[in-house]
Amino acid sequence: MTVRTRFAPSPTGFLHIGGARTALFSWAYAKKHGGEFILRIEDTDVARSTPEAVQAILDGMAWLGLSHDEGPFYQMQRMETYKKIIQKMLAEGTAYYCYCTKEELEALRESQMQQNIKPRYDGRWRPEEGKVLPEPPADIPPVIRFKNPQTGNVVWHDLVKGEISIANQELDDLIIARADGTPTYNFCVVVDDREMGITQVIRGDDHVNNTPRQINMLKALGATVPQYAHLSMILGDDGQKLSKRHGAVSVMQYHEDGYLPEAVLNYLARLGWSHGDEEIFSMQQFCEWFDLDHITPSAAQFNTEKLKWLNAHYIKLVDSDYLAEDITDRLAKLGVNVTAEPKLGAVLDLYKERVHTLNELAENIAYFYRKPRIDQAAAEKHLTLDIKPVLAMLIEALQSAEWAAEHIHHAIDAAVTKNQLKFPKIAMPLRVAVTGIAQSPSIDQVMALLGKEEVLNRIRRVL
RNA sequence: GUCCCCAUCGUCUAGAGGCCUAGGACACCUCCCUUUCACGGAGGCGACCGGGGUUCGAAUCCCCGUGGGGACGCCA
């Protein structure tokens, strides 16, 4: 049987890091088994779903390169299917009308909570052999409930967590269609997972409690029950749960912040899953290795430091043309226009091994394309009165130097030796004058790239 | 409250009863490289939640605690 997995987000917000990992694992599982990965948009909550959120999810998936083989399917476009099945269930007696008002249910819940029992629908409209139901009130539009089995256990072998067993007594008759006729989440999932032939449902941990209900409905519909794999959640850097107001950021924010999708993907792959001691691997490699057996059942804390480390690694490897284009954009955002000279490619080669993010890279090389902003502290420390004459003298020495790193180095060395100084003594003042700060790659290499005139101007500026 | 799940270095994890004196990675510390800062290289610090079993032998299996998380919607 062909493996078919799906990612089924509800479009009520952007694609965050937890959703991205769920999508990644689902995608990888399909790839590993030569199956299909389906994207389904669960937009039945009309009040909270937005087209912007749909787009944000699509954008996030595209940035990460998690392409789907089928879809996106939108549940709101599948209403006829759902309604047909609900009618069938009503006819077969696996679903029934319930005329309770929201207020009535609220009161019921309240009283159950007070008695310290689990809040559940009490089945007052549930038809039963020999049971006399109240007369349906004419003014109340009914909801439709699933007639859940009342005895026995629902047991499944979770591909991540192992065997899970939940007593039917713990479950109540959930609403499958609202008073306005629209079907609800648990029901739509069941219909779709069946009709789309999903073989493995890989989703977040928070759905464990929905699973027995879904299995019961699947069985009531005579459907094959798929396998389930419940992924534990991802906690924020501080160990706290991710939420809207706390750390839950869009994956696109990582793009903004200068992370490469390769790094984010590699990081996410390793969060909660492992393959021995392997830390760095391509998505192709990941798809070959991926399995559900090596997923950790416990929650994982996000660690930005490690993501940065991976990002630094991938920045060193990223394609030069792509990098140049990306950095040009980031520099533009900083108000810096890249000019033909110095060559951006050469500048990037000098810097890309030294940074953790693309933003850092852009910021670090900005001085090549605009007047350096002299750091006050660095200037005070290194551009001292006694060193300025040496710098002035250096201008002359450099004027006649052939403009290549090696020759620049020799010119500086010679001039400095004449003053009974050592190279390091002049390197720092020079560095501050040319770059504005006290850290840079080899100063002779920086100078070589920057060009003779520009370098001399920058030295004159600080005298 | 009820039900469900989880528990190895600070963090991500390896670990399927003897290979464990518990391995790797990030972070941190030290040293090396060095014109600074990085990069890189070599070392170091650092963990099996507690208690009972089972077993010749348990990080691994079982039970009980404890701690953490999730779910209990006409949300998904």
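From a predicted model like this one, the values you see are computed outputs, not experimental measurements. The figures here come from the full heavy-atom set of this structure, side chains too, leaving out hydrogens, waters and symmetry mates. Letters go in sequence order (proteins before strands), and every chain restarts at 1.
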Shortest side-chain distance from [X], nucleotide among [options]:
X        : options                : value
A:Met428 : B:rU36, B:rC12, B:rC3  : B:rU36
A:Asn186 : B:rC39, B:rA76, B:rC12 : B:rA76
A:Lys118 : B:rU13, B:rG1, B:rC26  : B:rG1
A:Lys102 : B:rA25, B:rC74, B:rG70 : B:rC74
A:Lys161 : B:rU35, B:rG24, B:rC5  : B:rC5
A:Ile175 : B:rU36, B:rC5, B:rC74  : B:rC74
A:Ser274 : B:rA76, B:rU36, B:rA14 : B:rA14
A:Pro119 : B:rA76, B:rU2, B:rG1   : B:rG1
A:Ala427 : B:rU35, B:rA76, B:rC4  : B:rU35
A:Arg109 : B:rU35, B:rC74, B:rA71 : B:rC74

Compute whether any side-chain donor of one residue and acceptor of the other, for [X] and [Y], lie under 3.5 angstrom apart.
X        : Y        : answer
A:Ser442 : A:His409 : no
A:Tyr185 : A:Asp45  : no
A:Thr357 : A:Asn359 : no

*asked:* I want to confirm an ordering. Mapping A:Ser165 and A:His207 to their closest nucleotides on RNA chain B, which one lands closer to the 5' end?
replied: A:Ser165
_Judged by each residue's nearest nucleotide on RNA chain B, which is more toward the 5′ side, A:Asp293 or A:Pro11?_
A:Asp293
In whole angstrom, what separates [X]'s [atom1] from [N]'s [atom2]?
X        : N      : atom1 : atom2 : answer
A:Trp309 : B:rA38 : CH2   : C1'   : 17 Å
A:Asn311 : B:rA25 : CG    : P     : 20 Å
A:Asn210 : B:rC4  : CG    : P     : 16 Å
A:Glu279 : B:rC26 : CD    : P     : 7 Å
A:Asn116 : B:rC3  : CG    : P     : 11 Å
A:Asp172 : B:rC74 : CG    : C1'   : 13 Å
A:Phe302 : B:rU11 : CZ    : P     : 16 Å
A:Ile426 : B:rU35 : CD1   : C1'   : 11 Å

For [N], does OP1 or OP2 lie under 4.0 Å from any side-chain N or O of [X]?
X        : N      : value
A:Lys316 : B:rG40 : yes
A:Lys241 : B:rG70 : yes
A:His230 : B:rC4  : no
A:Ser440 : B:rU36 : no
A:Thr44  : B:rA76 : yes

Say you pick atom [atom1] in [N] and the same atom in [M]; how far apart are they, in whole Å?
N      : M      : atom1 : value
B:rA76 : B:rA59 : C1'   : 38 Å
B:rG23 : B:rC49 : P     : 16 Å
B:rC45 : B:rA7  : P     : 28 Å
B:rC9  : B:rC26 : C1'   : 12 Å
B:rC20 : B:rC48 : C1'   : 10 Å
B:rG57 : B:rC19 : P     : 15 Å
B:rG1  : B:rC62 : C1'   : 29 Å
B:rU8  : B:rA22 : C1'   : 8 Å

*Sugar-phosphate, base or nothing in reach of A:Ser442, heavy atoms under 4.0 Å*: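 Result for A:Ser442 = base.
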Taking the side chain from [X] and the backbone from [Y], do they hold a donor-acceptor pair closer than 3.5 Å?
X        : Y        : value
A:Thr94  : A:Lys147 : no
A:Asn311 : A:Gly258 : yes
A:Trp289 : A:Ser274 : no

*Please determine, for B:rG50, whether a Watson-Crick or G-U wobble partner exists with both distances under 3.5 Å, and give it or none.*
B:rC64
*asked:* Taking pairing as Watson-Crick or G-U wobble with both contacts under 3.5 Å, can you name the mate of B:rG18, or confirm there isn't one?
replied: B:rC56
Can you find an N or O donor on one side and an acceptor on the other, under 3.5 Å apart, linking the side chain of [X] with the base of [N]?
X        : N      : answer
A:Arg270 : B:rU13 : no
A:Thr296 : B:rU13 : no
A:Asp205 : B:rG70 : no
A:Asp43  : B:rA76 : no

_Aromatic plane relationship, A:Tyr97 with A:Tyr99 - under 30° parallel, 30 to 60° tilted, over 60° perpendicular_ = tilted
*Quick one: do A:Tyr121 and A:Cys100 satisfy side chain to side chain contact (heavy atoms under 4.5 Å, CB included)? Show the steps, please.*
CA-CA 10 Å; A:Tyr121 176 62; A:Cys100 287; 3.9 Å; yes
